Amino acid sequence: MEPDFLSGFAQSTALNQLPLKNDIQGEKRKFINPTSRNTPKLVELQMCLIDWINTTLQQEHIVVKSLEEDLFDGLILHHLLEKLGSLKLDVEKIALTEKKQKRKLEVILEAVAQCLQPEESQLKWSVDSIFQKDLLSTLYLLIAIAKHFQPDLAIPSNVNVEVIITERTSNGLRTENAVECITHSRENLEDKSKADAFEELFTHVPEKLDAVKEVFLHFVNKHVGKLGLYVNDADSQFADGVILLLLIGQLEGYFLNLREFFLTPCCDTEMLHNVNLALALLTDGGVLDFPVNAEDIVNRDMKTTLQVLYCLYSKYKTKET
């Protein structure tokens, strides 16, 4: 049998195990591939978080065995936040009906958002995903809570899982496989200062931000101009990954096969594919030496976009057209 056939069959089997019935057209969802759920690093991460919760709530005689099964209704999250943050939530302890459970979870996640104050691009969970017992969302939520309230917790590093990205379109269900980095390596965490080169700029001297953008735009147009392209908006024109890919090709001196990426992406999934490809090329070429979330670029997070452009600028600023 052809390998592609076997791969397609495995993916079809995996999709049958995912909660896709309520997908809305145009909505993109991401799940851990069921075939990846028992990988040692992922199991280690789950056991770490389970032990942390059980130790924290030991006096309440609460024992968690399954993260997604035991936390979906908000009861244990309620106890955990009260214990860690002394938060008094205006919600009943025990909610018996599905409607009350979901409302309770909504109040709890609102409290989490107020404590953590994550940027919208960093929010990797929702009321629906937690309530639907999505393991990936539950992991991200617990990791964020742990880092905020107990930053010394030894969370396993370098946990990567295979994920399936789905999008309901008018032509049916579009799927894409990818690798999701849930926790980064300790080496990357130690080198975080490299990725935060613009933190000072964004926080303390934002008035100079436009000048930095102009420098990068001049650099980009110097190299993509020969392709008949011109970039004038750093806030939006890199989000689909096309300019990044064409720029990399010009700087590295090779031609990217048009079948490898979407020249005119029409949805977030295609944009994410392009950006992931660009980041992979930069990482393989040694240009990018810190972790970057492709979704941040697709979501037009300016700091992340500028960080990537800075890596290219630093290496190729003296390259002639």
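Owing to the predicted nature of the structure, the values given are computational and were not obtained by experimental measurement.
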Novice: If you compare all heavy atoms of Glu162 against all heavy atoms of Thr35, which two are closest, and at what distance to 0.1 Å?
Specialist: OE1-OG1, 4.2 Å
Novice: Considering the options Val159, Ile182, Leu153, Thr138, which one meets the side-chain contact (heavy atoms from CB on, under 4.5 Å) requirement together with Ile143?
Specialist: Ile182
Novice: With a 4.5 Å limit on heavy-atom distance, are the side chains of Glu176 and Glu167 in contact?
Specialist: no
Novice: Could you check whether any side-chain heavy atom of Phe131 comes within less than 4.5 Å of a side-chain heavy atom of Asp128, counting everything from C-beta outward?
Specialist: no
Novice: If you apply the rule side chain to side chain contact (heavy atoms under 4.5 Å, CB included), what do you find for Ile50 with Leu67, and how did you get there?
Specialist: CA-CA 7 Å; Ile50 288 174; Leu67 294 178; 3.5 Å; yes
Novice: How close do Asn221 and Leu229 get, heavy atom to heavy atom, and via which atoms?
Specialist: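 Asn221 and Leu229 have their closest heavy atoms at OD1-O, 4.4 Å.
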Novice: Side chains of Thr305 and Arg300: does their closest heavy-atom pair fall under 4.5 Å?
Specialist: no
Novice: How about Val64 and Leu57: do any of their side-chain heavy atoms sit closer than 4.5 Å?
Specialist: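 Heavy-atom side-chain distance check fails, nothing below 4.5 Å.
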Novice: Starting from Leu247, can I reach Val215 by hopping between I/L/V/M/F/W/Y residues whose side chains sit under 4.5 Å apart?
Specialist: yes
Novice: Would you say Glu214 and His218 are linked by a side-chain donor-acceptor pair, where the criterion is simply a distance under 3.5 Å?
Specialist: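 No, no side-chain donor-acceptor contact under 3.5 Å.
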Novice: Looking at Ile130 and Leu71, what are the two nearest heavy atoms and their distance?
Specialist: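 Taking every non-hydrogen atom into account, CG2-O, 4.3 Å.
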Novice: Would you say Phe219 and Leu251 make side-chain contact, with heavy atoms under 4.5 Å?
Specialist: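 In contact.
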Novice: Kindly say whether Asp301 contributes a backbone atom to a donor-acceptor pair with the side chain of Asn299 at under 3.5 angstrom?
Specialist: no
Novice: What do you reckon, is CG of Asn38 surrounded by more than 12 foreign heavy atoms closer than 6.0 Å?
Specialist: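 No, the 6.0 Å shell around CG holds no more than 12 heavy atoms from other groups.
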Novice: Pair Tyr254, Ile248 - check side chain to side chain contact (heavy atoms under 4.5 Å, CB included), show working.
Specialist: CA-CA 8 Å; Tyr254 57 72; Ile248 293 169; 3.2 Å; yes
Novice: So Ile297 and Val292, do their side chains get closer than 4.5 Å, heavy atoms only?
Specialist: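 Yes, side chains in contact.
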Novice: Check the angle between the aromatic planes of Tyr310 and Phe216 and answer parallel, tilted or perpendicular using the 30° and 60° thresholds.
Specialist: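 It falls in the tilted class, 30° to 60°.
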Novice: Do the side chain of Ser36 and the main chain of Val161 share a donor and acceptor less than 3.5 angstrom apart?
Specialist: no
Novice: Shared ILVMFWY cluster between Val179 and Leu136, side chains joined below 4.5 angstrom?
Specialist: no
Novice: State the CD-NE2 distance between Gln59 and His79, to the nearest 0.5 angstrom.
Specialist: 13.0 Å
Novice: Does Gln150 have more than 12 heavy atoms from other residues, nucleotides or ligands lying within 6.0 Å of its CD?
Specialist: yes
Novice: If every non-hydrogen atom of Lys315 is compared with every non-hydrogen atom of Gly285, which pair is closest and at what distance?
Specialist: NZ-O, 3.7 Å
Novice: How long is the span from the CG atom in Asn54 to the CG atom in Leu49, to the nearest 0.5 Å?
Specialist: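 Separation between the atoms: 11.0 Å.
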Novice: Verify the cluster assignment for Phe262 and Val298: are they in a single hydrophobic cluster under the rule of side-chain heavy atoms below 4.5 Å apart?
Specialist: no
Novice: Are Leu105 and Gln101 close enough, and set up right, to give a side chain to side chain contact (heavy atoms under 4.5 Å, CB included), and what steps lead you there?
Specialist: CA-CA 6 Å; Leu105 184 61; Gln101 288 173 345; over 6 Å; no
Novice: Minimum heavy-atom separation for Asp134 to Lys30, with atom names?
Specialist: OD1-O, 4.0 Å
Novice: Taking Glu252 as the fixed residue, which of Val287, Leu281, Leu312 is the one that meets the side-chain contact (heavy atoms from CB on, under 4.5 Å) rule?
Specialist: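 The single option meeting the side-chain contact (heavy atoms from CB on, under 4.5 Å) with Glu252 is Val287.
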Novice: Report the distance from atom CG of Asp73 to atom CD1 of Ile108, rounding to the nearest 0.5 Å.
Specialist: 8.5 Å
Novice: Please find the pair of heavy atoms, one from Trp125 and one from Tyr140, that lie closest to each other, and give the distance.
Specialist: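 Minimum heavy-atom separation between Trp125 and Tyr140: CZ3-O, 3.7 Å.
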Novice: Mind checking the CD-NZ spacing from Gln250 to Lys226? Nearest 0.5 Å is all I need.
Specialist: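 Output value for this atom pair is 5.0 Å.
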Novice: Enter the distance from Leu263:CG to Glu270:CD here, rounded to the nearest 0.5 Å.
Specialist: 11.0 Å
Novice: Side chains of Glu106 and Arg103: does their closest heavy-atom pair fall under 4.5 Å?
Specialist: yes
Novice: Apply side chain to side chain contact (heavy atoms under 4.5 Å, CB included) to residues Val127 and Lys102 and explain how you reach the verdict.
Specialist: CA-CA 7 Å; Val127 173; Lys102 198 166 185 179; 3.9 Å; yes
Novice: Less than 4.0 angstrom from a charged side-chain N to a carboxylate O is my criterion; do Lys303 and Asp296 meet it?
Specialist: no
Novice: Would you give the length of the straight line joining atom CZ of Phe31 to atom CZ of Arg37, rounded to the nearest 0.5 angstrom?
Specialist: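 Phe31 CZ to Arg37 CZ: 11.5 Å, rounded to 0.5 Å.
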Novice: Should Phe238 and Val308 count as side-chain neighbours, where that means a heavy-atom distance under 4.5 Å?
Specialist: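 A side-chain contact is absent here, since even the closest heavy-atom pair is not under 4.5 Å.
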Novice: Is there a donor-acceptor pair closer than 3.5 Å between any side-chain N or O of Asn274 and the backbone N or O of Phe261?
Specialist: no
Novice: Grouping I, L, V, M, F, W and Y whenever their side-chain heavy atoms are under 4.5 Å apart, do Leu227 and Ile243 come out in a common cluster?
Specialist: yes
